[in-house]
Amino acid sequence: MSQQRQPFGIYTLANDVVYDQLIALLNSIDANVGSDIPICVIPFDQRLERCQQAIASRPNVTLFTDELAIARWEKFAQEFVRVHPEAQRTQQKHSRWYGGGLHRKFVAFEGIFDKFVFFDGDSLAMKPLTNVWQQLETYDFVFDDWEHAKSAPHTALDISLIEQTGLFTAADIRPKLHCSSFWGSKYGIFGAEELAILQDRLVNQGEAAWVNGQGWWDDAFLFNYMTLRCDRPLFNFTLSQNGQDRTGNCANVDPFTNVDNVLYNEQGLKPIHRIHYMGYASSDFARLAKGEDADIPYKDIFLHYRFLQEPEQKPTQLKPPSPAAKIQRFVRKAAQKLIK
C-alpha cells in the first residue's frame, strides 16, 4: 500500500520486542474491525526486522517512515522532560521504555490518515470503529477510558494548581482527563506553530508544573496537557449519555464475557472497543506464545488472535515455567531493583 493520504485508518506503536502483541492486534483488527482498513505501524525504535516482515505480508499495513515528524515530536517531548523533574526520573529509571519513546505515537497527527484511531500495542480490537468515526464528525478528540474518575493525587494533571491560574476550573478539567492507549483524532492538529506555542508555555512559562509529578510520568500525562491547553472539543465514551457506551476495557480490572472469541462488558454484555493488557510485560506474552502458562488474564483470547492466521503454530497445551526459569527471573528482577 502506498503512502498516500487516506480518509481514515488505524495507528499503533511497535518494535520487535512486542512482535507477538503486534500480530495479535493486527489479527484482531482484521477480524473485528475490518480486513481492509488501512493500518500504519509507528516504530518505537529501530528494532523492526520481524515487524517489517509482518508488515510486508499484509497489503493494508504500512510502516510510518517520516523521520522528520518523529524528530519533531521527540524534541517536543524531551524539552518537556528537561524542565519536569518527575519526567526526568521516570525516563532514567525506565530507559528501555523511553529509549525510543511512547511519545512517538503523536506523529499520528502528521501521518497519512485524515481521521484515525490509535491502539496501544498491548490491546486487542473487539468491535468496529463506526461510532468513533461518527464522533469525530463533531469532536476533535475521542477517548474511551475512566481516567476522569481517578482521585486527585493520581490524575495526569495537577487540578488544584491549574485552578489557581484562573484559566480552568476543576469542572472544566475533570471530564477532559484521559489515557493514551486508545484515542481518535484528526490530521493537522498540533501543527508546527501550535506545537511551538505549547513548548514555550511548558518550558518558558512554567506550565510544565501543570503535569502531575506524584511518583510516575508517561506520555499520557503530557497528552492531557496538550488536549486541555488546545481547548478543542473532546468526547469520552465513558461519559456518554448512552449507557451502552460506558464499558470497561482493562484486562486486570474489568470483568468480560467471551462470546465466540469476542469480549463483552460482563454487566449488560455491552460491546467494548478493545481489551487493554495494561501492566503486563511484553516478555510474558512472548513466553505465552511459546507455550508457557504466563500469568495473564484472558490468555485464551490473546492466543486466539495471535495465531488466528497460523492455527497450526498455536500451543496445544500451556506448561508452567521451569524452576530454573523462575529463579532466573527472580534474580533479574532483584538486580533491576538494585540498579534503580
Side-chain angles (χ1 to χ4, degrees), residues 1-16 18-44 48 50-66 69 104-105 107-139 141-144 181-189 237 245 249 259-264 271-277 301-314:
M1 186 177 71
S2 63
Q3 290 277 39
Q4 61 186 7
R5 295 216 58 75
Q6 304 281 332
F8 60 85
I10 292 172
Y11 291 102
T12 190
L13 182 70
N15 65 6
D16 285 350
V18 297
Y19 174 81
D20 291 293
Q21 290 164 283
L22 173 64
I23 298 302
L25 173 60
L26 294 178
N27 287 342
S28 71
I29 293 171
D30 181 74
N32 299 325
V33 180
S35 59
D36 58 353
I37 188 168
I39 303 169
C40 184
V41 178
I42 300 166
F44 181 86
L48 294 168
R50 298 182 72 197
C51 289
Q52 288 176 319
Q53 292 172 0
I55 291 168
S57 68
R58 297 172 184 254
N60 63 316
V61 184
T62 59
L63 184 69
F64 188 94
T65 57
D66 188 341
R104 284 190 175 195
K105 65 184 65 173
V107 302
F109 292 112
E110 302 186 42
I112 59 174
F113 304 133
D114 294 332
K115 295 177 182 176
F116 60 85
V117 170
F118 177 89
F119 281 84
D120 256 1
D122 56 349
S123 305
L124 297 175
M126 287 291 132
K127 74 170 184 177
L129 297 170
T130 308
N131 57 357
V132 179
W133 307 132
Q134 290 172 343
Q135 293 297 342
L136 284 173
E137 293 294 324
T138 303
Y139 299 92
F141 303 106
V142 176
F143 298 95
D144 184 7
S181 63
F182 175 90
W183 47 284
S185 192
K186 304 170 184 177
Y187 171 82
I189 294 177
F237 283 102
D245 289 339
N249 56 71
V259 180
D260 297 328
N261 293 305
V262 175
L263 295 177
Y264 295 81
I272 63 174
H273 283 114
R274 89 289 191 199
I275 179 173
H276 185 202
Y277 291 95
I301 291 291
F302 175 81
L303 288 171
H304 170 77
Y305 289 105
R306 168 61 182 87
F307 295 101
L308 190 63
Q309 296 186 9
E310 306 164 303
E312 72 284 354
Q313 296 185 26
K314 181 180 177 180

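In what follows, residues are counted from 1 in the order of the sequence shown. Side chains included, hydrogens not; waters and symmetry mates left out as well; all remaining heavy atoms used.
Using a distance-only test at 3.5 Å, with no hydrogens or angles considered, a donor-acceptor pair links the side chain of K186 to the main chain of Y139.
For T12, the side-chain contact (heavy atoms from CB on, under 4.5 Å) test picks out L22, L25, V41, with sequence neighbours left out. For the side-chain contact (heavy atoms from CB on, under 4.5 Å) test, residues two or more places apart in sequence or in another chain that qualify with T130 are P128, Q134. Partners of Q52 under the side-chain contact (heavy atoms from CB on, under 4.5 Å) rule, at least two apart in sequence or in another chain, are L48, L63. Qualifying salt bridge (charged side-chain N to carboxylate O under 4.0 Å, His left out) partners for D16, counting only residues two or more places apart in sequence or in other chains: none. In this view, E137 and K115 satisfy the salt bridge (charged side-chain N to carboxylate O under 4.0 Å, His left out) rule, not counting sequence neighbours. Every residue meeting the ring-ring contact (aromatic ring centres under 6.0 Å, His included) condition with H273, not counting sequence neighbours, appears here in chain and number order: F182, F237. Every residue two or more places apart in sequence or in another chain that forms a side-chain contact (heavy atoms from CB on, under 4.5 Å) with P271 is listed here: K127, Q244, Y264. Remark: F143 engages H178, F223 in a ring-ring contact (aromatic ring centres under 6.0 Å, His included) (not counting sequence neighbours). Applying the salt bridge (charged side-chain N to carboxylate O under 4.0 Å, His left out) criterion to D20, with sequence neighbours excluded, gives R306. A search for ring-ring contact (aromatic ring centres under 6.0 Å, His included) contacts involving Y305 returns nothing, not counting sequence neighbours. In this structure D114 satisfies the salt bridge (charged side-chain N to carboxylate O under 4.0 Å, His left out) test together with R5, sequence neighbours excluded. Residues passing the ring-ring contact (aromatic ring centres under 6.0 Å, His included) test with F118 are W183, sequence neighbours excluded.
For the side chain to side chain contact (heavy atoms under 4.5 Å, CB included) test with N60, the passing option among D36, I39, I10 is I39; the others fail. When each of S28, S123, S181 is checked for a side-chain hydrogen bond (donor to acceptor under 3.5 Å, both in side chains) with R274, only S181 meets the rule.
Distance check: Q135 CD to L129 CG gives 12.5 Å after rounding to the nearest 0.5 Å. Here T65 contributes atom OG1 and I112 contributes atom CD1; the two are 8.5 Å apart, rounded to the nearest 0.5 Å.
For the pair L26 and F119, the minimum side-chain heavy-atom distance is 4.5 Å or more. In this structure, the side chains of L13 and D120 stay at 4.5 Å or more apart for every pair of heavy atoms. Using a 4.5 Å heavy-atom cutoff, the side chains of Q309 and I23 are not in contact.
The aromatic rings of F109 and F116 sit perpendicular to each other, their planes meeting at more than 60°, with 30° as the lower class boundary.
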